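Read through the structure below, which is laid out as structure tokens, and then see the notes.
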Amino acid sequence: MRGLGALRHEAVRLMTRWRYWVAGLVMLMFGVGSMLARASDLVIGAGTAGPVPYSGSMLWLTEIDNAGVYFLAWPLIIGGTLAEDLESGLASLLITRAGSRWRWFAAKLGAAYLSSTALLIVLAAVWLLAAVLIAPWDPTHAGSVVPWGRDLASSAPVLLGFGVVLILGLAAAATSTSTMLLAALGAGRTVSQVGATVAYLAFMFALPGPINPGERVAVLNVFAEWATPLTTFAYWVGVFGLTATATYVLLRVRENQ
């Protein structure tokens, strides 16, 4: 029960931040605006005899796939709590309440995923409503905007979309945990958040496709043979796990010094 209490505390801590709600509102408006701007365009893709207008389902799936662009700012939205705890001395109190250092740290990881995924689910749900109002939902040609899973896009676009959101939630959490790694290295709250954002941007330009985070958040609209849903999921599980492990080890080393 202590672990669940720590998780609840961390999740509430993240989801009651003013920047969490402001960022969500900004992303929400950008998404709706993007769909409105795209609604008048035509699409040429697999399964179409010629150019076809965007349907509501096509607009929605495309917007979900574009959500990855917001992850550049995710360390500023979700990150920074580990550095806050270490700087303020709050860590020792929270560790005592959680029952162990591992529970305290695991709660932070779990809260990063829960808060990230919750925000993305809300965004996807509101974008879904907007897409239905902007254009006819007709998913007949939805597969034309999804290189893989075309049949699922046409038969169950909502299932596909929210499935992708769960992967994006993991990607967002993995991105935010980089602030924890920097904090374990001694960075303060601001430096850990800004540093993680700068690092993410640098990796987007410097790394090749298979290990590029910018490429790996484009879950739906991918054409490279290595970018399958399974490998994308495995990539973010790996990033999340490696970052979390390195952070925990550094924290224990720091504690023993």
Side-chain angles (χ1 to χ4, degrees), residues 7 10-11 14 46 60-75 77-79 82 102 105-121 123-124 142-143 145-153 155-182 184 196-197 199-251:
L7 176 61
E10 290 294 336
L14 291 175
W60 186 62
L61 290 174
T62 301
E63 198 54 44
I64 287 178
D65 198 52
N66 290 338
V69 72
Y70 302 123
F71 291 176
L72 182 62
W74 221 260
I77 302 170
I78 300 296
L82 184 61
W102 166 244
F105 183 60
K108 287 188 174 297
L109 298 177
Y113 178 74
L114 289 177
S115 57
S116 297
T117 305
L119 182 55
L120 290 169
I121 287 175
L123 290 174
V145 297
V146 181
W148 62 268
R150 293 190 178 97
D151 292 339
L152 186 58
S155 61
V158 174
L159 177 63
L160 175 62
F162 280 106
V164 169
V165 166
L166 297 180
I167 297 177
L168 291 177
L170 178 61
T175 301
S176 69
T177 56
S178 57
T179 67
M180 300 184 193
L181 179 59
L182 292 176
T197 299
Y200 185 84
L201 181 61
F203 292 153
M204 285 177 60
F205 286 99
L207 297 180
I211 56 173
N212 187 306
E215 296 286 344
R216 284 297 186 176
V217 293
V219 182
L220 286 172
N221 191 24
V222 291
F223 296 90
E225 60 182 13
W226 45 262
T228 65
L230 182 59
T231 59
T232 299
F233 176 75
Y235 171 86
W236 287 113
V237 168
V239 171
F240 188 80
L242 288 173
T243 305
T245 300
T247 301
Y248 187 71
V249 169
L250 285 171
L251 286 173

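Along the sequence shown, residues are numbered consecutively beginning with 1. As the structure is a prediction and not an experimental result, all values here were calculated from the model.
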Original post:
For Glu63, what residues pass the salt bridge (charged side-chain N to carboxylate O under 4.0 Å, His left out) criterion, not counting sequence neighbours?
Top reply: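 Partners of Glu63 under the salt bridge (charged side-chain N to carboxylate O under 4.0 Å, His left out) test: Arg38.
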Original post:
Checking side chain to side chain contact (heavy atoms under 4.5 Å, CB included) for the pair Leu168/Ile64: CA distance, chi angles, key distance, verdict?
Top reply: CA-CA 9 Å; Leu168 291 177; Ile64 287 178; 4.1 Å; yes
**OP:** Using ring pair (Phe, Tyr, Trp, His ring centres under 6.0 Å) as the criterion, list what pairs up with Trp148, not counting sequence neighbours.
**Re:**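 Ring pair (Phe, Tyr, Trp, His ring centres under 6.0 Å) check on Trp148 returns nothing, list empty.
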**OP:** Would you please test Leu170 and Val237 for side chain to side chain contact (heavy atoms under 4.5 Å, CB included) and show each step?
**Re:** CA-CA 7 Å; Leu170 178 61; Val237 168; 3.5 Å; yes
**OP:** Please step through side chain to side chain contact (heavy atoms under 4.5 Å, CB included) for the pair Thr177 and Thr247, ending with a clear verdict.
**Re:** CA-CA 9 Å; Thr177 56; Thr247 301; over 6 Å; no
Search all heavy atoms of [X] against all heavy atoms of [Y] and return the closest pair with its distance.
{"X": "Asp65", "Y": "Val219", "value": "OD1-N, 3.0 Å"}
{"X": "Leu61", "Y": "Ala153", "value": "CD1-CB, 4.1 Å"}
{"X": "Val158", "Y": "Trp60", "value": "CA-CZ3, 3.6 Å"}
{"X": "Leu250", "Y": "Ala184", "value": "CB-CB, 3.8 Å"}
{"X": "Trp74", "Y": "Ser176", "value": "CD1-CB, 4.2 Å"}
{"X": "Met180", "Y": "Leu82", "value": "O-CD2, 3.3 Å"}

Original post:
Does Trp102 CH2 have over 12 foreign heavy atoms under 6.0 Å away?
Top reply: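 Check fails, neighbour count at 12 or below.
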Subject >> Atom OH of Tyr200: over 12 foreign heavy atoms under 6.0 Å >> reply: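 Check passes, neighbour count above 12.
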**OP:** For the residue pair Pro213 and Tyr235, establish whether any side-chain heavy-atom pair is separated by less than 4.5 Å.
**Re:**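 Side chain of Pro213 against side chain of Tyr235, heavy atoms only: contact under 4.5 Å found.
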Original post:
Does Ala111 have any side chain to side chain contact (heavy atoms under 4.5 Å, CB included) partners at least two apart in sequence or in another chain, and if so, which?
Top reply: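 Scan of Ala111 (side chain to side chain contact (heavy atoms under 4.5 Å, CB included), adjacent residues dropped) gives Leu7, Glu10, Ala11, Leu14.
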Subject >> Interatomic spacing from CZ in Phe71 to OG in Ser116 - rounded to 0.5 Å >> reply: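 Reported to 0.5 Å precision, the distance equals 7.5 Å.
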**OP:** Look only at the side chain of Thr179 and the backbone of Pro75, and say whether a donor-acceptor pair between them is shorter than 3.5 Å.
**Re:**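 Flag not set: sc Thr179 to bb Pro75 has no pair under 3.5 Å.
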**OP:** With side chain to side chain contact (heavy atoms under 4.5 Å, CB included) as the test, would you mind laying out the steps for Val217 and Tyr70 before giving the verdict?
**Re:** CA-CA 10 Å; Val217 293; Tyr70 302 123; over 6 Å; no
